[in-house]
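Following: one structure in structure tokens, then a few remarks.
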Amino acid sequence: MKILICDGMHSKGLELLRAEDELEVLAPDQPGPEEVRRLAADCDALVVRSRTKVTADLMDAAPRLKVIGRAGTGVDNIDVPAASARGILVMNTPGANAMAAAEHTMALMLALARHVPQATQSLREGRWEKKRFLGTELYQQTLGIIGLGKIGSIVADRALGMKMNVLVYDPHITPETAAILGAEWVPLEELFKRSDFITLHTPLTPKTRNIINRDALALMKKGVRIINCARGGLVDEEALHEALVSGHVAGAALDVFAEEPPKDNPLLSLDNVIFTPHLGASSFQAQENVARAIASQIVDYLKRGIIRNA
Ligand code: NAD
Ligand code: MLT
């Protein structure tokens, strides 16, 4: 059997796969879509992160494909209905990178509040601009968390540790569950109206696409700050750009973009926006976790017919 690693994999995962008899591992360096298509032609399994888009067309070019493994959480880069229709299993590694993504969210929120990237750049350019970079504390500020799953829950815990007031909106979580964590469950509109910081932690689905849109932004407090370490498609980037230019939104911290890497995205030129290139899961620990998890899940399925998500 053959497995194609499309977007790189931590050595521990590769070791696990290579230790298996009857399994040939192809791990090209950053293959483009054409190379993936060519190599996938006789593969039984594909492993991807967010870079490779697994379309119906790619599946049709890989008639032996039995399983697509996402070394991470979001499966929005995989056409899951198309896979199901072809009898191809899609599996991910829920939770394996949650700590990394939650800590990155906190890093972005603190950096945004205190202008860390802009001040670094200013000092690098020889300036000493203390007045320009007056920031805001997180202490006693209200954080609105949209999506209280594995990542949102860790963010809630860390924010409560910093003595923020935490509001959450998640249609699949009860107010009682939120209260156990120390957070207040509120309807989405109320979260928009009351939050000083808003952070997104939902999957990208037809229901969550553009959950931050013009109407949502209009409900928010002037001076709100927005952090997106989930998926670019959750935010209407044009509406966010307008709100950042008008100053209604004081700042945004973005790890993810509607198009990645972003091309001619006007958000990149705004001073009140900070960015990272989809680094939420990029910790040594998370990459080892997701690699080990997806490798063992795929081996279990291909060799023993056992289906599990880590
Ligand atoms: P999770 O499944 O544990 O939690 C998602 C939560 O969102 C669930 O509690 C769910 O009920 C909630 N939700 C679903 N629809 C909602 C809606 N309409 N409104 C509000 N809440 C809603 O997933 P997770 O591990 O916490 O990850 C969340 C997302 O973060 C992933 O789907 C992925 O897209 C993204 N992610 C990004 C990175 C990164 O590198 N930036 C890393 C890991 C995950
Ligand atoms: C995820 O959904 O797990 C993230 O996008 C992390 C990644 O694979 O980069």
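Positions are given from 1, in the same order as the sequence printed here. Whatever order the structure lists them in is the order used to number ligands and atoms, beginning at 1.
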Which residue owns the protein heavy atom closest to atom 3 (O) of ligand 2, what's the atom, and how far is it? Thr73 N, 2.6 Å
Identify, for atom 7 (C) of ligand 2, the protein heavy atom at the shortest distance, and state residue, atom and that distance. Arg49 NH2, 3.5 Å
Return yes when atom CD of Glu238 has more than 12 non-hydrogen atoms of other residues, nucleotides or ligands closer than 6.0 Å, and no otherwise. no
Is Arg304 atom CZ crowded by more than 12 heavy atoms from other residues, nucleotides or ligands, each under 6.0 Å away? yes
Nearest protein heavy atom with distance in Å, relative to atom 6 (C) of ligand 2: Ala281 CB, 3.4 Å
Option set Gln287, Arg70, His278, Glu260, criterion heavy-atom distance to atom 8 (O) of ligand 2, minimum: Arg70
Measure the CD1-CG distance between Ile274 and Asp255 for me, rounded to the nearest 0.5 Å. 10.5 Å
Could you check ligand 1 for N or O atoms lying under 3.5 Å from protein N or O atoms and list the pairs with distances?
residue  : atom   : partner : partner atom : Å
ligand 1 : 3 (O)  : Lys150  : N            : 2.8
ligand 1 : 3 (O)  : Lys150  : NZ           : 3.0
ligand 1 : 9 (O)  : Gly149  : N            : 3.4
ligand 1 : 9 (O)  : Asp170  : OD2          : 2.7
ligand 1 : 11 (O) : Asp170  : OD1          : 2.7
ligand 1 : 11 (O) : Asp170  : OD2          : 3.2
ligand 1 : 26 (O) : Lys150  : N            : 3.3
ligand 1 : 26 (O) : Ile151  : N            : 2.9
ligand 1 : 34 (O) : Arg231  : NH1          : 3.3
ligand 1 : 40 (O) : His278  : NE2          : 3.4
ligand 1 : 40 (O) : Gly280  : N            : 3.4
ligand 1 : 40 (O) : Ala281  : N            : 3.2
ligand 1 : 41 (N) : Cys229  : O            : 3.0
ligand 1 : 41 (N) : Asp255  : OD2          : 2.9

If we number the atoms of ligand 2 from 1 as shown, the ones under 4.0 Å from a heavy atom of Gly72 are 3 (O)
Side-chain donor-acceptor pair present, Thr205, Arg231, cut-off under 3.5 Å: no
For ligand 2, note which part of Asn97 has a heavy atom under 4.0 Å away: side chain, backbone, both or neither. side chain
List in chain and number order the residues that pass salt bridge (Lys or Arg N to Asp or Glu O under 4.0 Å) with Glu20, two or more places apart in sequence or in another chain; answer none if no residue qualifies. Lys303
Using a 4.0 Å cutoff against the non-hydrogen atoms of Gly74, which atoms of ligand 2 qualify? 1 (C), 2 (O), 3 (O)
Residue pairs involving residues 146-167 (criterion salt bridge (Lys or Arg N to Asp or Glu O under 4.0 Å); sequence neighbours excluded): none
Among side-chain atoms of Thr73 and Asn97, is any donor-acceptor pair under 3.5 angstrom? yes
Could you pull out every donor-acceptor pair under 3.5 Å between side chains of residues 264-271 and any protein atom, sequence neighbours left out?
residue : atom : partner : partner atom : Å
Asn265  : OD1  : Leu267  : N            : 2.9
Asn265  : ND2  : Glu237  : OE1          : 3.1
Ser269  : OG   : Pro266  : O            : 2.9

Would you find more than 12 non-hydrogen atoms of other residues, nucleotides or ligands less than 6.0 Å from Met1 atom CE? yes
